[in-house]
Structures are given as structure tokens and as C-alpha cells.
Amino acid sequence: MNAEPRRRRSGGRANAREPAPIPQLAASHVRNPYPPMRVLSDDQVEAIHDASMHILENLGIEMMSAAALDVFARSGAKVDRAAKTVYIDRGLVAEALGTTQPSYTLTPRNPVRAVPLGGDAICFTLVAGPPNVHDMERGRRAGNHRDYCDLIRLAQHFNCITMLGNQVCAPIELAANTRHLDTYLANLTLTDKSFHVSAIGQGRALDGIEMMAIARGLTLDQMRGDPALSTIISVNSPRRFDDQMAEGLMVMAEHGQSVAVTPFTLMGAMSPVTLAGALAQQNAEALAGIVLTQLVRPGAPVMYGAFTSNVDMRSGAPAFGTPENAKANIASGQLARRYNLPYRTTPGSASNAADAQGAYETMMALWGAVLGHGNLLYHAAGWQEGGLTASFEKVVLDVEMIQHMMELLRPIEVNEAELALDALARVPTGGHFFGDAHTLERYSSAFYQPMVSNWQNYESWQESGAADATARATQVWKKALAEYQQPPMDESVREALDAYVAKRKEEIGAGEP
């Protein structure tokens with residue numbers, strides 16, 4: 001199935017009589033100018049490091065891929081093939097960390113949309129992977145291709161969304177073994193931003209690399225030295241890399257594309273109930289995957305991934321946006337910086353609706369991610385129901401929160417014009433600044449203009465329909481889709497992508513890619 005790539009929507013911006021477009025911040029490379037927060041002392045960071053080295057050297061990591069075990073064995077690591085377990089000594093860890101990159105850039109088909117990762121850079125992605133989708137007008141439903149395309153149209157429209165995650169919702173009406181081709185095609189034609197590929201095995205990852213190379217007019221060798229794509233390698237915590245994830249990691253590293261190794265350490269379920277124990281386990285699992293990328297290709301771009309939160313001990317259900325989750329986001333940043341690696345984290349929520357709980361849990365986790373100097377904030381917009389649903393309204397509410405954070409990160413200017421001493425001299429004691437020239441010169445751009453917040457008085461708000469924030473978010477996403485404009489693509493490139501998809505679907509048939 002095609003990705004409706006030739007469909008265009010116009011915002012009619014040239015017609016002054018039409019409504020003004022949705023207010024949003026200009027596209028930019030967001031930077032965090034403030035010092036990172038520390039919740040761990042240097043001694044505590046080293047204690048967690050030492051504990052993770054003990055785990056790697058004495059408890060081991062299960063690698064279900066025979067090819068991954070071969071790579072470790074060739075490096076001199078101790079490998080128990082019967083148990084599919086590798087024991088990685090701290091010397092090998094240090095050697096591998098010596099070849100990683102502290103920062104790198106992903107360049108999609110539109111170089112203006114390049115994504116810097118590492119240092120003080122921050123980028124934000126849509127939610128990735130939910131089997132369901134929801135909006136307030138149509139309710140909760142299974143993920144599908146039409147909704148998938150509309151959600152990534154929103155990602156293209158909203159400037160603060162830097163790149164796409166892996167499948168914002170699963171289009172389950174499409175064949176599971178080839179739907180990645182349809183989503184990659186949608187990503188490449190409906191947006192011009194970078195995206196995450198599926199690394200469930202080598203085939204899906206390699207298809208994404210091949211298709212991006214076509215879109216950029218590059219060979220695979222050229223892509224190796226000029227990455228465009230990333231993937232999330234989810235560790236099957238505790239201490240297991242399944243064969244598909246391990247092999248997806250290896251093909252991404254071999255082709256010089258970014259990998260974010262991310263343990264799923266839910267305290268009380270997949271990791272110890274204590275934050276220190278969970279962080280030690282997370283650190284060991286992340287380092288195991290990071291080492292593997294460097295053994296495959298020294299210098300391959302790799303990120304330190306963290307996804308430590310806790311469960312509800314009454315039910316066992318995952319919880320996100322908790323105080324423990326926020327502290328883990330900050331502490332994980334300290335660990336990533338200890339190894340001089342870019343850092344992937346997540347602002348999440350367990351709420352089943354785009355409601356107050358969804359907002360305050362997401363903001364709590366977002367604060368932890370920003371204070372911890374996260375570079376890649378995965379699932380930053382649209383995450384609902386603990387990641388089981390992609391919500392149209394939550395995309396808008398999250399975009400609003402992201403933009404608030406972006407404005408917070410904009411440094412305060414202090415200069416003659418900003419100090420406004422002339423205005424202070426002109427306005428008499430007890431007067432006001434509404435009509436002063438200093439105000440009139442700046443009134444249209446002085447403050448952040450929200451897309452969702454309503455600042456009317458109560459009576460005016462009632463007269464205009466009394467819509468709450470969630471209802472207003474519905475209005476915003478519908479307007480955003482009306483304003484969406486599809487980025488141009490050369491027809492020959494589009495034809496080459498179509499041909500690649502058709503050829504691969506025929507090759508895959510009923511098998512696995």
C-alpha cells in the first residue's frame with residue numbers, strides 16, 4: 001500500500017482573510033545552555049560503574065545471536081555458548097568506549113533537517129511503536145496506515161519534532177513482514193525529516209538504510225560515513241539481548257548508522273526495586289550493547305539509552321513520569337557523560353487519556369530528561385496508555401510542553417535595549433508600560449505564544465464554547481493537518497523508492513525480511 005504521498009494540503013497562508021496559522025516556534029537546533037543537574041556524587045557514579053562491571057564480568061549477558069557470540073569470542077571475551085552468555089571484562093569495555101563518538105549528526109534527505117546528537121543538543125521524536133491510536137472524535141482503535149500517515153504529517157508540520165521514532169503506530173492491516181516498507185515510504189515522502197528504523201533483525205534495518213540512501217542519492221558506502229538514521233535496541237531486561245535485536249544492532253553498526261542501546265529496567269519487575277540496583281543493571285546492559293557496536297565497527301555512532309522507571313507494586317502495571325523515573329532520567333545522564341556518550345531518554349506517562357495525569361506525568365519526566373541533559377528525547381510527543389496508544393490530542397499537548405521547555409532553554413539577554421532604562425525613565429511612578437515605545441516595538445514577539453492555552457476570562461471562555469485543553473488540542477491537530485504541506489521530492493527519486501518497495505515485497509513474499 002502506498003503512503004498517499006501525492007496528497008497535499010494547503011494552509012492558504014497567502015490569503016490574509018483566512019485564519020492565522022497555528023502559532024509555533026521556528027525550526028531550530030535546540031541547545032541546553034545550563035549545567036546538567038547531578039543527583040549522584042562522583043563516588044556514587046563510580047560505585048554504580050563498579051557494580052555494572054561486576055555484572056558484566058561475573059554474571060554475564062545473554063546474547064541469543066550466534067553471530068554476536070562470535071564477535072565477542074573473536075574479541076577475547078569469555079563466551080559460554082551453551083548458555084549463550086558472554087562475560088565482558090572491564091578492559092574490553094574501556095577499549096570499546098575509546099572508539100565511540102561523543103557527538104555526531106544525522107542528515108536526512110533535506111540537509112536543513114540535520115539532527116545533531118550529543119553535547120548540549122536536544123531533539124524530540126514522536127511516540128513509537130503503539131499498537132493502538134486514539135483521538136477524541138473517533139475513539140480508540142487499532143493502529144492503521146491512514147492514521148500513521150496523518151500522525152507523521154503532524155510531525156512534519158510541528159517544527160519542534162526533530163525526527164520520527166520507529167512506527168508512530170503499527171498499521172496492523174498491513175502484512176507484518178513488509179509493513180516496515182510502507183512506513184519507511186511514508187516517512188520519506190510525507191516528511192523530509194530523519195527517522196528511526198525497525199531493527200527487528202537485519203532485513204528491516206537494511207531496508208531502511210537502502211531506502212534512505214535512495215532518497216539522498218547516496219551509495220551505502222557513502223551512508224556509512226554520513227549517517228541519516230537511528231534505531232532503538234531494546235534490551236530484554238534482565239540481561240538478555242534477543243537474536244533479532246542483536247543482529248539489528250550489528251547491521252546498523254556495520255553500515256555506520258546510529259544505535260541507541262536502551263535497557264527496559266522497570267524497578268520491581270525487570271530490575272531490582274531500588275534505584276541504585278536498577279541503574280547498575282541498566283548500565284551493564286547498555287554497555288554490553290555499546291561494546292558490541294564498537295566490536296562490529298569501531299567508531300560506529302552509538303548512544304547511551306535509559307528507560308528506568310518503576311511499577312505499581314499493587315498491580316505490577318508500569319508507571320511513568322514518577323519521581324523515581326525523573327531521578328533516573330537525571331542520574332542516567334550522569335552515567336552517559338561518564339562515558340562521554342550521547343544520551344537517549346524518554347518523557348512518558350501511564351495515563352489512559354490525554355488528561356491532567358498525562359500532562360503532569362509527562363512534564364515530570366520531561367524535566368528529568370532536560371535537567372539530565374538528554375540529547376534524544378524519544379517518545380516525546382503522543383505517548384499515551386504507557387506507550388500502548390498514540391494519541392492525536394497528546395501529540396498537541398506534548399508539543400505545547402516541548403515548546404515551553406524550548407523557550408525556557410533560550411538564554412536571557414542582558415544588554416542596553418533589554419534593560420529598558422529609557423522606558424523606565426519615561427513611565428511615571430504608578431503608570432503602565434502598555435503604550436510605551438519599548439513595549440510597542442516588542443509586543444508581538446515579547447512572550448511565548450501558546451497553541452493550546454486559553455487566557456480568556458471566565459465569561460469570554462464560556463461564550464466561546466468552554467472548551468478545555470484536550471478539546472482545544474483536537475481543534476489544533478485538525479487545523480495542523482489542514483495546514484500541512486508535503487515536502488517536494490524529485491519524481492525520479494519517488495519512482496526509485498516505489499520500485500524498491502515493490503521489489504522487496506516480492507522478494508520477501510510470505511517469509512521474513
Side-chain angles (χ1 to χ4, degrees), residues 51-52 54-72 77 79-88 93 128-131 165-167 170 176 180 196-205 230-253 259-273 277-293 295-296 302-311 316-320 325 328 332 335 344-346 348 378-379 386-388 512:
S52 62
H54 174 82
I55 293 168
L56 290 174
E57 292 175 332
N58 299 293
L59 305 182
I61 302 290
E62 184 180 3
M63 289 279 172
M64 299 181 71
S65 162
L69 291 176
D70 289 343
V71 171
F72 277 109
V79 174
D80 182 340
R81 293 189 180 273
K84 298 182 178 179
T85 298
V86 59
Y87 300 88
I88 310 170
V93 172
N166 172 37
Q167 294 193 12
H180 66 284
H196 283 67
V197 300
S198 172
I200 303 174
Q202 296 187 20
R204 289 175 175 84
S230 190
T231 195
I232 302 295
I233 297 299
S234 298
V235 182
N236 190 0
S237 303
R239 303 188 353 259
R240 171 181 288 169
F241 284 73
D242 69 41
D243 56 345
Q244 296 290 295
M245 284 281 103
E247 290 173 13
L249 176 153
M250 289 189 290
V251 77
M252 288 289 285
V259 170
V261 184
T262 309
F264 188 35
T265 38
L266 283 179
M267 291 180 282
M270 281 87 83
S271 70
V273 74
L279 288 170
Q281 178 189 325
Q282 168 195 284
N283 201 52
E285 293 173 351
L287 288 174
I290 290 163
V291 168
L292 181 55
T293 67
L295 296 180
V296 170
V302 63
M303 303 187 73
Y304 184 103
F307 202 69
T308 291
S309 191
N310 56 287
V311 297
F320 304 101
N325 179 212
S332 298
L335 291 165
R344 170 260 156 128
T345 183
T346 290
Y378 203 67
H379 303 300
L388 294 178
E512 280 298 302

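Bear in mind that the values here come from a model prediction, so they are computed numbers and not experimental data.
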Nearest heavy-atom neighbours spanning Ala68 and Met63: CB-SD, 4.2 Å
Set of residues satisfying side chain to side chain contact (heavy atoms under 4.5 Å, CB included) with respect to Ala77, sequence neighbours excluded: Phe72, Ser75, Val86, Leu92
side-chain hydrogen bond (donor to acceptor under 3.5 Å, both in side chains) partners for Asn310, two or more places apart: Thr322
All side-chain hydrogen bond (donor to acceptor under 3.5 Å, both in side chains) counterparts of Asp70, not counting sequence neighbours: Arg81
Check: Ser198 main-chain N/O paired with Thr231 side-chain donor or acceptor under 3.5 Å: no
Anything under 3.5 Å between a donor and an acceptor, one on a side chain of residues 283-292, the other on a protein residue two or more places apart or in another chain? List them.
{"residue": "Asn283", "atom": "OD1", "partner": "Tyr304", "partner atom": "OH", "Å": "2.7"}
{"residue": "Asn283", "atom": "ND2", "partner": "Ser52", "partner atom": "OG", "Å": "2.9"}
{"residue": "Asn283", "atom": "ND2", "partner": "Tyr339", "partner atom": "OH", "Å": "2.8"}
{"residue": "Glu285", "atom": "OE1", "partner": "Ser237", "partner atom": "OG", "Å": "2.7"}
{"residue": "Glu285", "atom": "OE2", "partner": "Arg239", "partner atom": "N", "Å": "2.6"}
{"residue": "Glu285", "atom": "OE2", "partner": "Gln281", "partner atom": "NE2", "Å": "3.0"}

For His180, all residues meeting side-chain hydrogen bond (donor to acceptor under 3.5 Å, both in side chains), sequence neighbours excluded: Asp207
Residues which pass ring pair (Phe, Tyr, Trp, His ring centres under 6.0 Å) with Phe320, listed by chain and number, not counting sequence neighbours: Phe307, Trp383
Counterpart residues, salt bridge (charged side-chain N to carboxylate O under 4.0 Å, His left out), relative to Arg240 (two or more places apart): Glu62
Solution key, residues 243-252 side-chain donor-acceptor pairs under 3.5 Å, sequence neighbours excluded:
{"residue": "Gln244", "atom": "OE1", "partner": "Gly201", "partner atom": "N", "Å": "3.4"}
{"residue": "Glu247", "atom": "OE2", "partner": "Ser65", "partner atom": "OG", "Å": "3.1"}

Non-neighbouring partners of Thr265 that pass side-chain hydrogen bond (donor to acceptor under 3.5 Å, both in side chains), sequence neighbours left out: Thr308
Interatomic distance, Ile200 atom CD1 to Asp242 atom CG [nearest 0.5 angstrom]: 8.5 Å
Contacts of Ala83 that satisfy side chain to side chain contact (heavy atoms under 4.5 Å, CB included) - sequence neighbours left out: Asp80, Thr85
